[in-house]
Amino acid sequence: MAELFPLPPDLPVPQDDGACRHLAGLEMPRLKLDSTAGRAVDLAEVAKSTAVFFFYPRTGKPGVPIPAGWDQVPGARGCTPQSCAFRDLHQEIVALGAKVFGVSSQETEYQRELVERIHLPYEVLSDREFRLTEALRLPTFDFEGVRLIKRLTIVARASRIAKVFYPVFPTDRNAGDVLAWLKG
């Protein structure tokens, strides 16, 4: 299904601005975020085993055009292809003992539409109040007056951040990169 959401070939490549260098080794905060599964997920609890958290700015909706200028923001485009790639590799990631969570600042109801539309087998968490973003000092950007989380992926093990993928590009390869790291 990921092929239904091709990425334009001329997207600007995000550069590593150092905004995630401080993350490796940090303890996952004891915060609960609302999930598309109708529960609050305790991040510190799920991070006791292996957990993958992929952060993305926002997803669009069918029939709603992509905002002008979105494709010019390095790393912004590609939330649905990234989500589909994690869906497609979900069983392999889970077989290695990891849980997968998508995370954005969008409201849970908005996220639930995506989960249902593209049949995601994992939960998507809402950091709409930026509590996790601020606790970990994750990078953000503003687009048309809206604060959004930059795209990155965190793998937590034994309650600590073991690996950070940042910047993530192209987005549809991130799940494969995470799977390869988990296997390594």
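Just so it is clear, the structure is predicted and the values come from calculations on it, not from any experiment.
Under a hydrophobic-cluster definition in which Ile, Leu, Val, Met, Phe, Trp and Tyr are linked whenever side-chain heavy atoms come within less than 4.5 Å, directly or via other members, Phe165 and Ile161 are assigned to different clusters. Note on Leu11 and Phe143: separate hydrophobic clusters, where clusters join Ile, Leu, Val, Met, Phe, Trp and Tyr whose side-chain heavy atoms are under 4.5 Å apart, directly or indirectly. Linking ILVMFWY residues whenever their side-chain heavy atoms come closer than 4.5 Å, directly or via other members, places Val115 and Val52 in the same cluster. Note: the hydrophobic cluster containing Leu132 also contains Val164 (ILVMFWY, side chain heavy atoms under 4.5 Å, direct or indirect links). Linking ILVMFWY side-chain heavy atoms closer than 4.5 Å, directly or via other members, places Val168 and Leu120 in a single hydrophobic cluster.
Between the CD atom of Glu123 and the CZ atom of Arg112 there is a distance of 10.5 Å, given to the nearest 0.5 Å. A distance of 5.0 Å separates CG in Leu23 from CD1 in Ile154, rounded to the nearest 0.5 Å. Atoms CD and NZ, from Glu113 and Lys61 in turn, are 5.5 Å apart once rounded to the nearest 0.5 Å. In this structure, CE on Met28 lies 13.0 Å from NZ on Lys48, to the nearest 0.5 angstrom. The CD atom of Glu107 lies 13.5 Å from the OG1 atom of Thr36; values are rounded to the nearest 0.5 Å.
Using a 4.5 Å heavy-atom cutoff, the side chains of Leu138 and Leu152 are in contact. Between Gln111 and Ser104 there is a side-chain heavy-atom pair separated by less than 4.5 Å. Between Arg151 and Pro57 the shortest side-chain heavy-atom distance falls below 4.5 Å. Between Lys183 and Glu92, some side-chain heavy-atom pair lies under the 4.5 Å cut-off. In this structure, Gln106 and Val124 have side chains that are not in contact, with every pair of non-hydrogen atoms separated by 4.5 Å or more. Residues Cys79 and Thr171 fail the side-chain proximity criterion, which asks for heavy atoms closer than 4.5 Å. Contact of the Leu33 side chain with the Val41 side chain is not registered, since no non-hydrogen atoms from C-beta on lie closer than 4.5 Å. Considering only heavy atoms from C-beta on, His90 stays 4.5 Å or farther from Ile93 through its side chain.
Considering every non-hydrogen atom in both Ser83 and Tyr122, the closest pair reads O-OH, 2.7 Å. Shown here for Gln72 and Pro12, the closest heavy-atom pair between the two residues is O-CG, 3.6 Å. In this structure, Glu144 and Ala68 approach most closely via the heavy-atom pair OE2-O, 4.0 Å.
Under 3.5 Å, the side chains of Thr108 and Asp34 contain no donor-acceptor pair of N or O atoms.
Scanning for ring-ring contact (aromatic ring centres under 6.0 Å, His included) contacts around Phe86 gives Phe54, with sequence neighbours left out.
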